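Okay, so here's the structure we're looking at.
Just so it is clear, the model here is predicted, and its values are computed rather than measured.
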Amino acid sequence: MSRYFILCCFISATMYGQQPDFSEEGLECTSITVGKNASADGSVMTSHTDDSHRSRTNILVVPAKDHPRGTMKTLYKRQVAKVEKGQMDRYEYVETGQIPEVSHTYRFFNSAYPCMNEKQLAIGESTFGGRSELRPDMGLIDCGCLCMLMLERCSTARQAIRTAGELLEKYGWNDGGECLTVADRNEVWHFEITGAGKGKVGAVWAAQRVPDDHISVNANASRIMEIDLNDKDHFMVSSNVFTVAEQNGWYDRKKDVFRFAYAYAPSTRTSIACRRREWRVFNLLAPSQHADANSENHPFSVKPDSLVKKEDMVRVFKDYYQGTDFDLRKTLTVVANDGKKVEISPVANPFMKADEMKLLKINGGWGARGERTIAVHFTVYATILQCRSWLPDEVGGLCWFALDNVASSVYVPFYGSITDLPSAYKTCGRETGFSRDAAWWGFNRLGTITAKRWGDMHVVVDSVWNEMQSALFENQPVIETEALSLLKDNKQAEAVDLLTRYSRDCGTRALETAWKTGDYLWTVFDGMW
């Protein structure tokens, strides 16, 4: 078999291969957290990449509401939808039941995982799956629903975790193992939840606070180990956290040191896809720690070598292990029909699709037992969430929002107080199919084109987005000074209107740039694929 024929098959696989199922543990989301004394500007940060091929692609503003006494709230659970041939994979939402509504709910951003409210409460997410024995078959609340309830009802991270615990004990969890990274103006916590088992209503959970001068990460693996119940400033747990593990034989209090991760999600600690991302975050932000890329366990949190800036967060989320031993661009090994292995080197595309990944022979291949990078082509959206105690809530809460693969996208600012978003960001691309009316398609098309010749095209894309990202960061104090001046004059409505218009303008300009840049690449590189 000629190298030419192999390469043609390789290109054909790139263009026409089916998308893989990314529901496997270790592939879905990454969240990085930063304490207030570890950030350059004093903000508390959490974050999230929704790495899914089924999540909805839009973001909405849900307004604050007052509810008459006796009002009931209907809860919904997402499940994989049955789709016709030719339709996009997606989730659908089915009713699970009702619970009493509270008298007042806060305004919040309703993304696939609701992420921030008007009180500077912010939530990131990362799935870790956990033990199959604890997958619930009862209960009303899944992960997305819990995020919504916390943001509607709470203004601090501790209040949100306690409220979540009460709701889960009463109404029950109906999802797999999840980590929610919950931040407010002063602190950030990792809140890990799993089911209580079939036929049981409730949940098992533990929460650990990130020290103020530390950073942490969750990359689809349970991260909480030993729990010190005497340290109430850094730990909170469900009342059954030890007993469920004992009853199932996963922990013996007479001879074992209890470690939440090994009791409830031991398989995630051996996943390269998970722990490699943990290593890379610490490797980039705290290189003096000399984290071991092959270690099964990294510290829950570490002190960064220098204070973390927004630019640092963007850099980490754009990372695909470039320049390391795990750079996926190095060598592609394919097997010919006669069984001989042939190497095509170098491969400049770190964002291979399904058939390409089947050919990849590096560190166990692709998936939970092999490699996956921080930036991936199947990200639907990403957030970097800032909570700033020295600013009023109208200005202090800030959601930096990016669509599609972060490595070929840009973060735009959506302030937590705004009342509206550009219509294209409110339109779900999974419902429309390819459409210029849905913002996600503009960024998805750009990312897909760029990945076809990453070595050449990403240079063009980087030059566009780097300039825009820098301008957005540089203009932030200008718009905030103007908003603060209005607030000082008791013109709250005018300040919120200013921030709303600014956020909408930023989103619109970024989308227009995504479409134009995609057109440019398609034109200039035509015939050079």
Side-chain angles (χ1 to χ4, degrees), residues 62 64-80 91-106 108 110-115 117 119 121 123-182 189-207 222 224 236-245 247-248 260 264-265:
V62 177
K65 297 177 183 177
D66 292 313
H67 306 277
R69 185 180 181 87
T71 301
M72 301 296 289
K73 181 177 185 65
T74 302
L75 304 183
Y76 297 87
K77 175 184 179 179
R78 75 175 190 177
Q79 64 182 26
V80 177
Y91 288 111
E92 62 184 4
Y93 295 84
V94 296
E95 182 177 339
T96 60
Q98 293 186 322
I99 65 173
E101 186 60 275
V102 293
S103 60
H104 180 79
T105 51
Y106 298 122
F108 67 97
N110 187 9
S111 40
Y113 294 89
C115 61
N117 72 9
K119 296 296 183 181
L121 178 66
I123 304 176
E125 180 272 345
S126 187
T127 302
F128 65 80
R131 293 187 182 272
S132 59
E133 299 95 321
L134 294 181
R135 296 292 173 97
D137 56 358
M138 301 178 69
L140 305 183
I141 303 171
D142 75 351
C143 185
C145 183
L146 186 62
C147 291
M148 174 187 63
L149 291 169
M150 293 162 76
L151 292 173
E152 283 186 331
R153 300 176 177 214
C154 304
S155 59
T156 70
R158 293 180 192 236
Q159 180 192 14
I161 293 168
R162 293 191 186 102
T163 297
E166 294 168 0
L167 290 168
L168 292 175
E169 183 175 8
K170 188 170 185 178
Y171 300 109
W173 182 245
N174 63 16
D175 214 331
E178 292 278 359
C179 174
L180 300 180
T181 52
V182 189
W189 292 71
H190 286 219
F191 177 30
E192 297 187 1
I193 315 160
T194 187
K198 291 179 171 56
K200 297 179 181 179
V201 174
V204 180
W205 60 268
S222 177
I224 296 176
M236 290 186 276
V237 299
S238 59
S239 60
N240 59 355
V241 69
F242 302 116
T243 56
V244 170
Q247 291 166 1
N248 285 279
F260 185 92
Y264 293 110

[X] side chain near [Y] side chain, heavy-atom distance below 4.5 Å:
X	Y	value
Lys73	Leu149	yes
Met138	Lys200	no
Tyr113	Leu180	no
Met72	Pro100	yes
Tyr264	Val244	yes
Met236	Trp189	yes
Arg153	Glu101	yes

When you measure from the side chain of [X] to the backbone N and O of [Y], does any donor-acceptor pair fall under 3.5 Å?
X	Y	answer
Ser238	Trp205	yes
Asp142	Asp175	no
Thr96	Leu140	yes

Between the side chains of Glu95 and Thr74, does any donor sit under 3.5 Å from an acceptor?
no

Within a 6.0 Å radius of atom NZ on Lys170, are there more than 12 heavy atoms belonging to other residues, nucleotides or ligands?
no

When you look at CD of Gln159, are more than 12 heavy atoms from neighbouring residues, nucleotides or ligands closer to it than 6.0 Å?
yes

Looking at every non-hydrogen atom in both residues, tell me the closest pair between [X] and [Y] and how far apart they are.
X	Y	result
Leu121	Met150	CD2-O, 3.6 Å
Glu178	Trp173	CG-CZ2, 3.7 Å
Ala196	Ala203	CB-N, 4.0 Å
Gly130	Arg135	O-NH2, 4.0 Å
Val237	Ala206	CG1-CB, 4.0 Å
Val182	Ala160	CG1-CB, 4.2 Å

Under a 4.0 Å threshold between the charged nitrogen and the carboxylate oxygen, would Lys119 count as salt-bridged to Glu152?
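Salt bridge: no.
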
Separation of [Y] [atom2] from [X] [atom1] (nearest 0.5 Å):
X	Y	atom1	atom2	value
Glu125	Cys143	CD	SG	4.5 Å
Ile99	Thr71	CD1	OG1	12.5 Å
Cys147	Ile141	SG	CD1	11.5 Å
Ile161	Cys154	CD1	SG	10.0 Å
Asn117	Met148	CG	CE	13.0 Å
Tyr171	Glu166	OH	CD	10.5 Å

Member of Ile224, Leu146, Ile123, Thr181 meeting the side chain to side chain contact (heavy atoms under 4.5 Å, CB included) criterion with Phe191
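Going through Ile224, Leu146, Ile123, Thr181 one by one, the side chain to side chain contact (heavy atoms under 4.5 Å, CB included) with Phe191 is satisfied by Leu146 alone.
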
Stepwise side chain to side chain donor-acceptor pair (under 3.5 Å) test for Glu192 and Thr194:
CA-CA 7 Å; Glu192 297 187 1; Thr194 187; over 6 Å; no

Give me the ring orientation class for Tyr106 and His104: parallel if the planes are under 30° apart, tilted from 30 to 60°, perpendicular past 60°.
perpendicular

